[in-house]
Asker: 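Dropping a structure here in structure tokens format, bear with me for questions.
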Amino acid sequence: MFARLFSQNVLFRMAVHAALWALVLLLAGVLLSIFPFITWQEFTESLRDPQVTYSINFSLLCVGVSTAVSVLLSIPAGYVLSRYRIPLASVVDTIVDLPIVLPQLIAGIALLMFFQTPPGVWIETNIMEFAYSRPGVVLAIFFPTISLAVRSMKAGFDSVDPRYEQVARTLGCTEWQAFRKVALPLARNSLIAGAVLNWAYALGVFGSVVMFSGATRMKTDVIPVAIFLNMTTGRIDLGLTLTIVLLVIAVVSLALFKRLGGKATLA
Amino acid sequence: MFARLFSQNVLFRMAVHAALWALVLLLAGVLLSIFPFITWQEFTESLRDPQVTYSINFSLLCVGVSTAVSVLLSIPAGYVLSRYRIPLASVVDTIVDLPIVLPQLIAGIALLMFFQTPPGVWIETNIMEFAYSRPGVVLAIFFPTISLAVRSMKAGFDSVDPRYEQVARTLGCTEWQAFRKVALPLARNSLIAGAVLNWAYALGVFGSVVMFSGATRMKTDVIPVAIFLNMTTGRIDLGLTLTIVLLVIAVVSLALFKRLGGKATLA
Amino acid sequence: MIEIRDIHKRLGDFSLRGVSVAIQEREYFVILGPTGAGKTVLLECIAGLHPVDHGQVFINGVDVTDFPPERRRISYVPQDYVLFPHLSVYENIAFSLRLLRWPADRIEARVTELTDLLRISHLLHRAPRTLSGGEQQRTALARALAPQPTALLLDEPLSALDETTRIAVGEELKTLPERFGTTLVHVCHDFEEALRLATRIGIIYQGLLVQVGTPEEVFTRPNCRFVAEFTRVRNLLPVEQWEKTAHGVLCQIAGGPRLLAAEAPAWNGPVIATIRPENVVIKPGSQGDASSFSATVTDIEVIGGAADVVLGVGELRLHALMTRQSIGQAALQVGSQVAASIAPADVHLAPDSFLPPELQASEEQQTG
Amino acid sequence: MIEIRDIHKRLGDFSLRGVSVAIQEREYFVILGPTGAGKTVLLECIAGLHPVDHGQVFINGVDVTDFPPERRRISYVPQDYVLFPHLSVYENIAFSLRLLRWPADRIEARVTELTDLLRISHLLHRAPRTLSGGEQQRTALARALAPQPTALLLDEPLSALDETTRIAVGEELKTLPERFGTTLVHVCHDFEEALRLATRIGIIYQGLLVQVGTPEEVFTRPNCRFVAEFTRVRNLLPVEQWEKTAHGVLCQIAGGPRLLAAEAPAWNGPVIATIRPENVVIKPGSQGDASSFSATVTDIEVIGGAADVVLGVGELRLHALMTRQSIGQAALQVGSQVAASIAPADVHLAPDSFLPPELQASEEQQTG
């Protein structure tokens, strides 16, 4: 009887752990199966291919700009969501989070349509062309990634007890001073983690770029677009090289995010 | 002097709120610009188009199967992550979360490559064909969406104080009974929310399906693939109709997720 | 001086319902009440951390109701101190002075002065998380005192400390108003702590300020049943009728003896006599003088060095507190006949209502 | 009977370091100690919620060290009760009986019996979140008692209740061992609560079980400085030397008088005399009998009904606890000359070490 009860607990633990480990092995196994199909020599040679270097450089540029704008916007937006009561909070919350759930494709289509509305047309004629042009890639990357940035910045500020700022207020800080001298330094690591995550996530944006900027070689081909073009035109070595670059960046960034104590809560 | 200090606080609040509201208006404005480009009549007519109905039905089927498998796997996996100490926890955590950050394209390529390794080939010849075939679509959807499911199920169990289960144990429950009679009913709403979110997110998977299953009309065209095919071949009304369907589903599901008190924490 | 007038504030489950009180300069004022009474909300309203729903706050005669906290010159020390973890002890204390743009040498002089007085000058370069509870407390006090605030608000300052440190820190707090020329407002839920430290006590319950007075007043002359129970007056005896006589106020206790009280009640309704157990004097034997009445010991419960002796007087049960020693000397045991007496000054007549009659009305309005 | 032998367990910041104790059937055993001493960890090890790092747990003679909690027949009531929010009061109480597959009528009978005894039968269909603190407590007790456990483990059962309910629930807890034939293990940090309820007390500090004994023993005969301070013995007087005489043990207090103690210390090293302030007897005037010594009142601090009278005897400071009344009768004031005496039975000789010498060794090993 003791043995039966004992083994019931062991069986349960084995069953639930099996589910997790099956998942981990499946994910790891599938992702690792990329590596046998390219040699180190092919990999290093491909990295010197002008199309590959163009897409890497262009990606870093677009993603850099998009991440910078995202961070500048998401720090104050995340702070508001973490600290203040806002009207229509649940509607705002849903709109801000929408791009996480929304297919990137739809973000691209929505951008495309926006630049055919009167305000969009005005912008394209008077300021800058976006659709199917290089500056548009930044927009196409920004749009689906901003939510994750806001969520991780909000989580960063959530991790700082607001009473630090309250005490700072009684010691003479205005709201801005309390933000700059207390909230910001205390949330620093989480905010850096959020920026890193946003950057890595932005590097992988595909659907909205394809839709809004098109997949034109040596023009709008950020890394994922270049992967798509190379894989579908049979340049498997170039495609796999870029795939591995993205995979490594994703793993390292995610690990860094976790190491910095970053958090992003969709709730 | 009073006025100056007072207005400093007001200015700060205005500045940070402006960032949030700019973001909200930008997102809402861009997403809403889809609607002027299709009339109600075009919309209802397009919904009767056989390509559209095929892609909706096929999507519901594939996403249904994928979500069911995800839920069955992610509930025990989320429970383990929430309740037990596991070896290599940080590695496991990073692997499980990887598909959230990883471009979907890469998930598709990894699947493609996997079915060219010996175990993959064995499965394709002896069990079922996956690459470029309908069953593969389920895999292509499952792979990038499982992380969010695990995260939301883990968050669901995290919201249940483990002491409920501890008390249940002292009252005679085995671990399985404590899970079934206490943890599961207490986490119920969060778990349903997680399933809803997973379902909505799965409906939008594009990159990995395109890569792993190809974009073949009336075969592997789940809704996002059908949108892509229609938009690029000039069937704008069909494309926008499906876009609106996905957009509405995403909004409703996200709102439901929040209403049910769901949570998904990447940390 | 801090004066608050008719403050109303709802905040989550807690609310204040018309609190008015004036706290004098250099006073050690303790706000005392059970958990959930709204004590912390009151502090935070004084500090300006929440806008009030209704009412006014005056500091030194200036209406600061609409002032943000940084304009009020009132320092707040939360229960767990909330030292800035990213700053050293020195920088924590200098925080407000840097905001005031004091020159570096003046800041250093002030920090040195404060840390010497509070005996933490050896900790200046430590990180707050490495300090003990008592050291954190003193650092938080130094930080709060640095800008020479009008008042210091302390939220349960002793409750996070262990038993031994608590008494020492309490003694130190007591000296702050005099040493630093500051007013202290201290929130706590422990009656004995309040007695030990306060110059005046305000008792708060469910958002209402029930009684304000010196420790002596609150302790010996509760103004309602709630205060009497909260301050552990164990004998609340219903008075059937009372009349003024030459010797004092003669009260007929329902089902019990007649007692003489020193003062007549200030109110017209039903009255109870509140008598602290330590003021019930017991002599063995049934023979007493005119002012005593005879009683039977029905129970003796020894708790530590003291004992709760329960007397039966007719249908009445009366609690007397005695030291173990004096029980032994008097050879008391259950069933002993004794003569009990209570000095008129120790018999206080309070309204027979849970809250003071004037608050009871607003209470019923609220819930009814 | 619950017996634990040399339990070691590290859990986060808390640890147990070789705890052994035997708790008898139907005992009301209180585990007393300051916050962070490891009290809850000890309870959870008895309940089987954590595997121990080393040592054994026996229940009624059976070694249950490797048993999962569901096999131990020990019920656990956490500090905040942890009632199942998705079940009614009835279903909470019936929870364990359904697991045992009792027939519905037997379950109903048992629930009725328990809820009648605990006076909550009117609450059966309520949801736990709608109950008051005291009602939740009683529901948690009924749920824990339902399967007739060998023992009930209560973690700080009174600390979430307000002052008034606390005393009533305490009185009720005290009767549980007899009424339900169960052993009670109650964890708390409040010395007076332990005194009031326990048949035996185990004092725990930093994971070490420092002293075990009846309330009387722990109260009057602390085995080290820590226990003496924790139980608020205020006079810990270093003994220079002592010798047995015909009348008892004659002790020379360092810088103070000679005192007579009833019992010789059981240990050979340096010794302190521990004297509770309520046992210091003061008579006005400098003339005393042979057993008294003369002293000067140096301070009187009135706290509520009692006062701490500080006596100066040479360089020594001695605290005496008196009621206000007796201070008045004796007309004591600062500077008064008095004769103080302490009965030999009230002078206890304890080792002059922070923890008992046998534990101090392991303590130093640990930290050294």
Asker: Drop me the distance from A:R188's CZ to C:H86's NE2, to the nearest 0.5 angstrom.
Answerer: 10.0 Å
Asker: When you look at CD of C:E25, are more than 12 heavy atoms from neighbouring residues, nucleotides or ligands closer to it than 6.0 Å?
Answerer: no
Asker: Looking only at non-hydrogen atoms, find the nearest pair between A:Y164 and C:F84 and report the distance.
Answerer: O-CE2, 3.4 Å
Asker: Is any side-chain heavy atom of C:P68 less than 4.5 Å from a side-chain heavy atom of A:T174?
Answerer: no
Asker: Is it the case that atom NZ in A:K263 sees more than 12 heavy atoms from other parts of the structure closer than 6.0 Å?
Answerer: no
Asker: Is atom NE2 of C:H50 surrounded by more than 12 heavy atoms (other residues, nucleotides or ligands) closer than 6.0 Å?
Answerer: yes
Asker: More than 12 non-hydrogen atoms from neighbouring residues, nucleotides or ligands closer than 6.0 Å to CZ on A:R259, yes or no?
Answerer: no
Asker: Does any heavy atom of chain A fall under 4.5 Å from the side chain of C:A140, the backbone, both, or neither of them?
Answerer: neither
Asker: Once you round to the nearest 0.5 Å, how far does CG of A:L171 lie from OH of C:Y76?
Answerer: 12.5 Å
Asker: Counting only heavy atoms not in C:E108, do more than 12 fall under 6.0 Å of its CD?
Answerer: no
Asker: Heavy-atom cut-off 4.5 Å, strictly under: side chain, backbone, both or neither for C:R73 against chain A?
Answerer: neither
Asker: Which value, rounded to the nearest 0.5 Å, describes the distance between C:E91 atom CD and A:K181 atom NZ?
Answerer: 10.0 Å
Asker: I'd like to verify something: which residue of C:L87, C:L83, C:L97 has the highest number of heavy-atom pairs under 4.5 Å with chain A?
Answerer: C:L83
Asker: With a 4.5 Å cut-off on side-chain heavy atoms, are A:E175 and C:E70 touching?
Answerer: no
Asker: Check each atom of A:A178 against the heavy atoms of chain C and say whether the ones under 4.5 Å are side chain, backbone, both or neither.
Answerer: neither
Asker: Please classify the contact of A:Q177 with chain C as side chain, backbone, both or neither, using a heavy-atom distance under 4.5 Å.
Answerer: side chain
Asker: So, do C:F95 and A:V167 sit near enough that their side-chain heavy atoms are less than 4.5 Å apart?
Answerer: no
Asker: Between C:I74 and A:T170, is any pair of side-chain heavy atoms under 4.5 Å apart?
Answerer: no
Asker: Determine, stepwise, if the pair C:D80 / A:R163 fulfils side-chain contact (heavy atoms from CB on, under 4.5 Å).
Answerer: CA-CA 10 Å; C:D80 46 357; A:R163 294 181 314 139; 2.7 Å; yes
